[in-house]
Amino acid sequence: MKISFKKAERAQRELLKKLKLRPLEREIKLIGGCDLTFIDPYKNPTVGIGAFVILEFSSLKVVEEIYDTMEVKVPYVPGFLAFREVPLLVKTYLKLKNKPDLVVVDGHGIAHPRRLGIATHFGIVMNVPTIGCAKKILYGKFEEPCEKAGCSSPIVDPKTKEILGYAVRMRDRVKPVFVSPGNLITPEESLEIVLKLGRGYKLPEPTRLAHNYLQTVRKGIIQRKLERTEE
DNA sequence: GCGACAG
DNA sequence: ATCTTGTCGC
């Protein structure tokens, strides 16, 4: 499927009007992590697998895990990731029994050329507080944080000098992750919460667990598919 | 014009 | 985003 940049940008500008970067309104009890993978990432129409893992924020214990699949035809284009991945994230989110008070999304929030990273896009569509946590920078300038776990430095918009988020070192001497608010939260709160989600790994727990869960699910699906075609 | 470019 | 073992450094 082709993608109209003109229409996509227009859609992003429309969604931007609904963005709310304001302090959290209620206490975070349940926190969700989500991620996507594909059966064949190099094929164009391909089957995507989406997953959500819900954790109790205070203990980081898993409360619920769920996944769903969907045919994905939209290609990945930097700056327009949400158009490829949000539909499946929404489909999976709707299956949850335990709705989280906040969702950590694999990708950026407002640290995006038009402030509409996947975390922001999903947060606005679902009207839920979100934080974006990406492994690589997409937009904004930052200084390398100190080498210790817990160190951070702001991601600044080169045009407006606004703070879009933070580069955060979750583990000693390991590459930082890039944290920015998605919707219904502030940059400072996003940083504060992500720091509480560290378990000594590079990624915050919700994201790490969603990713691990997906790997297991994916192997199972591929395995079952093989058994089915050879008997 | 060139480089950079989440997943 | 996937395929993959060992290996090096802290």
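Hydrogens, waters and symmetry mates are skipped; everything else that's a heavy atom, side chains included, is used. Throughout, protein chains are lettered first and strands after them, A, B, ... in sequence-line order, and every chain is numbered starting at 1.
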Expected output check: what is the dot-bracket annotation of DNA chain B, where ( ) and [ ] are pairs inside the strand (brackets for crossing ones), | is paired with another strand, and pairs are Watson-Crick or G-U under 3.5 Å? .......
Is it true that [X] and [Y] have a side-chain N and a carboxylate O under 4.0 angstrom from each other?
X	Y	value
A:Glu192	A:Lys196	yes
A:Glu147	A:Arg171	no
A:Lys17	A:Glu14	yes
A:Arg22	A:Glu25	yes
A:Arg115	A:Asp157	yes

One character per nucleotide, please: for nucleotides 1-7 of chain B, 5' to 3', B when the base has a protein heavy atom closer than 4.0 Å, S when only the sugar-phosphate does, - otherwise. ----BBB
Output all residues satisfying side-chain hydrogen bond (donor to acceptor under 3.5 Å, both in side chains) with A:Arg173, sequence neighbours left out; order by chain, then residue number.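 A:Arg173: no side-chain hydrogen bond (donor to acceptor under 3.5 Å, both in side chains) contacts found.
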Set of residues satisfying side-chain hydrogen bond (donor to acceptor under 3.5 Å, both in side chains) with respect to A:Lys148, sequence neighbours excluded: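 Partners of A:Lys148 under the side-chain hydrogen bond (donor to acceptor under 3.5 Å, both in side chains) test: A:Asp172.
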Could you give the start and end, 5' to 3', of the contact zone on DNA chain C for chain A, using atoms under 4.0 Å from its heavy atoms? C:dA1 to C:dC10
Expected list for residues 35-48 of chain A: side-chain donor-acceptor pairs under 3.5 angstrom, two or more places apart:
from    : atom 1 : to      : atom 2 : distance (Å)
A:Asp40 : OD1    : A:Tyr42 : N      : 3.1
A:Thr46 : OG1    : A:Asp40 : N      : 3.3
A:Thr46 : OG1    : A:Asp40 : O      : 3.2

Main-chain N/O of A:Leu88 paired with A:Thr92 side-chain donor or acceptor, under 3.5 Å: yes
Counting N and O atoms only, with roles assigned by atom type, does the side chain of A:Glu64 sit under 3.5 Å from a partner on the main chain of A:Asn98, one being a donor and the other an acceptor? yes
How would you list, by chain and number, every residue that makes a salt bridge (charged side-chain N to carboxylate O under 4.0 Å, His left out) with A:Arg199, sequence neighbours excluded? none
Pick base, sugar-phosphate or nothing for A:Phe178, based on heavy-atom distances below 4.0 Å to the nucleic acid. nothing
For A:Lys136, which residues count as a side-chain contact (heavy atoms from CB on, under 4.5 Å) partner, sequence neighbours excluded?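 With sequence neighbours excluded, A:Lys136 shows a side-chain contact (heavy atoms from CB on, under 4.5 Å) to no residue whatsoever.
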Of residues 182-218 of chain A, the positions that come close to DNA chain C - non-hydrogen atoms, cut-off under 4.0 Å: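 Within residues 182-218 of chain A, the residues near DNA chain C are A:Gln215, A:Arg218.
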Pair pattern of DNA chain C in dot-bracket, where unpaired bases get dots and | marks partners in another strand, Watson-Crick or G-U under 3.5 angstrom: ..........
Take the angle between the ring planes of A:Phe83 and A:His121 and call it parallel below 30°, perpendicular above 60°, tilted in between.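 Because their plane-to-plane angle is over 60°, the rings of A:Phe83 and A:His121 count as perpendicular.
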Decide whether a cation-pi geometry holds between A:Arg84 and A:Tyr76; the criteria are a distance under 6.0 Å from NZ or CZ to the six-membered ring centre and an angle within 45° of the ring axis. no
Is it possible for you to check whether A:Lys95 lies under 6.0 Å from the centre of the six-membered ring of A:Phe52, through NZ or CZ, and within 45° of that ring's axis?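 No - A:Lys95 does not lie over the ring of A:Phe52 by the 6.0 Å and 45° rule.
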Specify the residues of residues 152-170 of chain A, ordered by number, for which at least one heavy atom lies under 4.0 angstrom from an atom of DNA chain B. none
Would you say A:Lys29 has more than 12 foreign heavy atoms packed within less than 6.0 Å of its NZ?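 Not more than 12 within 6.0 Å, no.
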Within residues 63-147 of chain A or reaching into it, pairs that qualify as disulfide (SG to SG under 2.5 Å) - sequence neighbours excluded: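 Found A:Cys146-A:Cys151.
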